[in-house]
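Order of the sequence lines fixes the chain letters, A, B, ..., with proteins taken first and strands second; residue numbering starts at 1 for each chain.
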2 protein chains.
Amino acid sequence: MNLKQLSHMLSLSQTTVSRALNGYPEVSEETRRRVMDAAKRHGYRPNPSARRLATGKSGMIGYVLPTGNAVDIDPHFVEFLSGLGDYARSHELDLVLSPADADDEETTYRRIVANRQVDAVYISSPRPADRRLALVNTLGIPFIVHGRSEGFGFDYSYLDIDNEGAFHEAARLLLQLGHKRLALINGDDRETFAIHRERGMRRALAASGLTLGERHICSVTMTEENGYRAARRLLEDSEPPTAIACSSLIMALGVVRAVRDLGLTIPGDLSLVAHDDVFPWLRPENFPVPLSTTRSSIRLAGARVAERLAARISGLEEGARGEVWPVDLVVRGSVAGAPA
Amino acid sequence: MNLKQLSHMLSLSQTTVSRALNGYPEVSEETRRRVMDAAKRHGYRPNPSARRLATGKSGMIGYVLPTGNAVDIDPHFVEFLSGLGDYARSHELDLVLSPADADDEETTYRRIVANRQVDAVYISSPRPADRRLALVNTLGIPFIVHGRSEGFGFDYSYLDIDNEGAFHEAARLLLQLGHKRLALINGDDRETFAIHRERGMRRALAASGLTLGERHICSVTMTEENGYRAARRLLEDSEPPTAIACSSLIMALGVVRAVRDLGLTIPGDLSLVAHDDVFPWLRPENFPVPLSTTRSSIRLAGARVAERLAARISGLEEGARGEVWPVDLVVRGSVAGAPA
DNA sequence: CAAAACAGCCAAAGCGCTTTGGAGCACTCT
DNA sequence: AGAGTGCTCCAAAGCGCTTTGGCTGTTTTG
């Protein structure tokens with residue numbers, strides 16, 4: 001059932017039927033009703049390929065997926081995706097994943113824009129002055145960044161959590177408990193989120209007249225093993241920290257293992273706080289000692305990004321709008337007063 | 001730069017240019033060369049929307065993503081995706097994720113087929129007599145199943161690992177070490193992979209004249225917490241198992257925690273084997289006691305599925321072809337002889 | 001040597017939609 | 001009465017590609 005057949009069936013022109021269906025005003029209410037009704041009855045669905053060719057709109061959103069032998073997709077991605085799906089599902093919005101060589105995403109961005117494959121894209125894990133942002137900005141495709149970048153001559157739309165505030169609060173809590181030597185096991189510090197977290201922590205320390213020593217900060221990709229290694233390095237130092245803030249639950253697993261291997265205990269010898277993106281399969285309250293966390297659901301963020309992308313596509317959201325979500329600090333058993 | 005302009009520039013018809021570019025034989029080699037050359041020089045890329053409308057082919061593969069408030073996307077998905085991307089990247093093959101209500105995926109399958117959004121789909125986590133398979137089979141879209149289903153009147157293409165063999169081997173190893181009371185902490189036993197694993201284990205036990213008691217088998221979604229709970233239940237029983245096979249590394253984390261909480265040790269009191277899908281962020285050799293595993297890279301599977309889907313789309317692979325990968329059994333410190 | 005086969009090219013008809021530029025009609029306003 | 005104004009609707013021209021059917025001239029065949 002295509003437009004031609006439907007319009008013939010109604011003894012109307014394709015123009016009128018098309019307009020009736022798409023809510024244009026140049027058609028009488030009665031006709032519209034007739035058309036709508038017939039369309040529903042016959043299960044008419046406009047052919048997206050044809051519509052696409054005519055309008056240039058695809059009704060899909062895109063994501064360029066960096067891949068490569070040495071590249072692992074972040075497990076957070078799947079949670080974000082869940083959220084995106086939560087929203088997209090009810091709006092028949094599909095997501096196109098375009099795998100790209102991690103060393104050359106530009107080609108792929110250019111391709112999907114030139115091909116008009118998608119109406120909007122989102123970008124995740126941005127770095128300061130991220131080239132992808134500059135690129136999509138000049139390419140002129142609507143986009144939203146999950147996270148933030150810095151150092152551009154233009155504004156852009158983003159959704160981010162208050163990473164700085166979160167780690168500021170976490171550090172402040174630890175300081176209040178009397179800890180003097182804090183350490184940070186951070187994610188890849190070329191990414192903005194990691195920079196913000198470090199900044200938040202430094203700010204809290206500075207307010208107490210303390211600093212974060214070189215030896216008390218690590219930046220690694222967020223795996224269990226890296227968490228373990230970082231923790232060992234920190235704890236075997238001559239001046240080991242009495243409290244650690246850690247950028248992910250997965251790394252925290254490694255920290256816990258290291259603490260055990262060294263015959264130490266949490267929170268007796270070490271207080272631990274980690275950031276929790278809320279994975280259904282690994283929960284901080286189920287750690288050997290329930291883990292204090294800064295918590296923000298990455299899944300909700302996914303849903304919100306989808307919602308805003310949809311709004312952007314349909315013109316409901318315009319201009320560069322930043323949105324920063326506060327982060328909860330959830331205190332559990334893994335923090336205690338500093339050892340004497 | 002479109003076909004019209006290009007053909008005008010070459011003083012050829014659109015027909016000839018199109019044929020030259022698409023490798024049709026009705027064009028002289030010299031002309032083809034000229035056309036190819038000009039196309040490259042001017043960076044001509046056929047408009048996919050137009051091509052799509054004309055041919056009905058989209059050059060994309062699809063995946064229906066079950067979503068819902070109570071539905072969590074499996075973290076394995078992201079690894080599979082990495083593999084898919086590894087292959088797809090070099091072939092400009094995009095993946096369309098169509099989120100669907102987990103309770104009604106059928107509507108979405110019908111939509112993407114009717115809309116000709118994708119040329120082929122893959123289906124994951126199949127169950128016996130999975131309705132999705134029957135559906136896509138009648139809808140007539142090329143597909144490949146990651147995993148296996150059972151009980152159809154038709155054959156289909158799939159890629160699966162030898163789950164039965166893997167758990168058979170794992171169980172056999174434990175039996176050889178003198179264990180008599182084995183337990184299985186399995187994934188959702190409505191899914192085929194879990195059924196196969198259970199079957200493999202039962203077969204090994206039967207060969208030794210043993211059985212898998214009701215109380216020694218659990219089937220849960222694969223989270224750390226569920227692993228913990230299952231392990232506690234098993235170990236606090238009046239006849240606790242001396243060895244456990246576990247369907248995922250994430251659950252194994254929970255098992256390890258439970259063992260500790262009960263003041264037991266691995267492998268002294270309990271031998272443990274788990275299935276490892278090879279996550280970059282959680283590795284069995286880094287468990288407190290290095291974990292023995294049945295190992296199969298889900299990422300490689302993703303790449304292979306992409307490859308076969310591409311072959312299927314271009315007609316290189318035909319008919320129903322099943323492919324079953326063997327699984328490695330990797331023995332590490334978490335298994336030992338049965339306690340006396 | 002006429003007929004058939006073939007190689008190489010083209011015009012035009014789709015694919016199914018949106019959108020432009022009117023046309024027809026009934027009214028209202030000078 | 002004639003011009004102006006909305007309101008509905010339509011024919012036709014795209015969007016940029018593929019593919020059908022056919023048209024040339026050249027080569028092979030019986």
*So, Tyr63(B) versus Phe80(B), ring centres under 6.0 angstrom or not?*
no
*For Lys4(A) and dC15(C), what is the distance between atoms NZ and C1' respectively, to the nearest whole Å?*
10 Å
*Does OP1 or OP2 of dT19(C) have a side-chain N or O of Tyr24(A) closer than 4.0 Å?*
yes
*dC15(D) phosphate, OP1 or OP2: any side-chain N/O from Asn2(B) under 4.0 angstrom?*
no
*Return no unless some side-chain N or O of Asn47(B) is found under 4.0 Å from OP1 or OP2 of dC15(D).*
no
_Whether Ser28(B) contacts dA7(C) is assessed here as follows: a side-chain N or O lying under 4.0 Å from the phosphate OP1 or OP2. Is that the case?_
no
_Looking at dC15(C), I'd like to know if its phosphate oxygens (OP1 or OP2) sit under 4.0 Å from a side-chain N or O belonging to Thr55(B)._
no
*Please state how far atom CZ in Arg33(A) lies from atom C1' in dT8(D), giving the value in whole angstrom units.*
16 Å
*asked:* Using whole Å, what does the distance between atom C1' of nucleotide dA12(C) and atom CG of Leu3(B) come to?
replied: 14 Å
*Closer than 4.0 Å, any side-chain N/O of Thr15(A) to the OP1 or OP2 of dA12(D)?*
no
*Would you kindly give the CD-to-P distance between Glu26(A) and dC10(D), to the nearest whole Å?*
13 Å
*If the plane angle is over 60° it's perpendicular, under 30° parallel, otherwise tilted; pick one for Tyr87(A) and His91(A).*
parallel
*Report yes or no: do Asp94(B) and Ser98(A) form a side-chain donor-acceptor pair below 3.5 Å?*
yes
*Ala54(B) has a side chain; which of dG16(D), dT8(D), dC17(C) sits nearest to it?*
dG16(D)
_5' priority, DNA chain C, between Arg19(A) and Val27(B) [closest heavy atom]_ = Val27(B)
*Looking only at side-chain N and O atoms, does Ser18(B) come under 4.0 Å of OP1 or OP2 in dT18(D)?*
yes
_Check Arg34(B) with Glu30(B), please: is the shortest side-chain N to carboxylate O separation under 4.0 Å?_
no
*At under 4.0 Å, does any side-chain N or O of Thr16(B) touch on OP1 or OP2 of dC9(C)?*
no
*Starting from C1' on dC15(D), measure out to CD on Gln5(B) and report it in whole angstrom.*
13 Å
_Mind checking if Thr31(B) touches a base, just sugar-phosphate, or nothing, with heavy atoms under 4.0 Å?_
sugar-phosphate
*Go through dC9(D), dG16(C), dC17(C) for me and flag the one nearest to the Arg51(A) side chain.*
dC17(C)
*Residue-phosphate contact under 4.0 Å: Tyr44(A) side-chain N/O, dG16(C) OP1/OP2*: no
*asked:* Which residue in the set Arg148(B), Arg321(B), Arg304(B) passes salt bridge (charged side-chain N to carboxylate O under 4.0 Å, His left out) when paired with Asp160(B)?
replied: Arg148(B)
*Specify the separation, in whole Å, of atom CD of Gln14(A) and atom P of dG14(C).*
13 Å
*Can a salt bridge be assigned to the pair Arg41(A) and Asp37(A) using a cut-off of 4.0 Å between side-chain N and carboxylate O?*
yes
*With sugar-phosphate meaning primed atoms plus P, OP1 and OP2, does Ser11(A) contact a base, only sugar-phosphate, or nothing at under 4.0 Å between heavy atoms?*
sugar-phosphate
*Nearest-Å distance for atom pair CD/C1', residues Glu29(B) and dC9(C)*: 15 Å
*Would you kindly give the NE2-to-C1' distance between His8(A) and dC10(D), to the nearest whole Å?*
15 Å
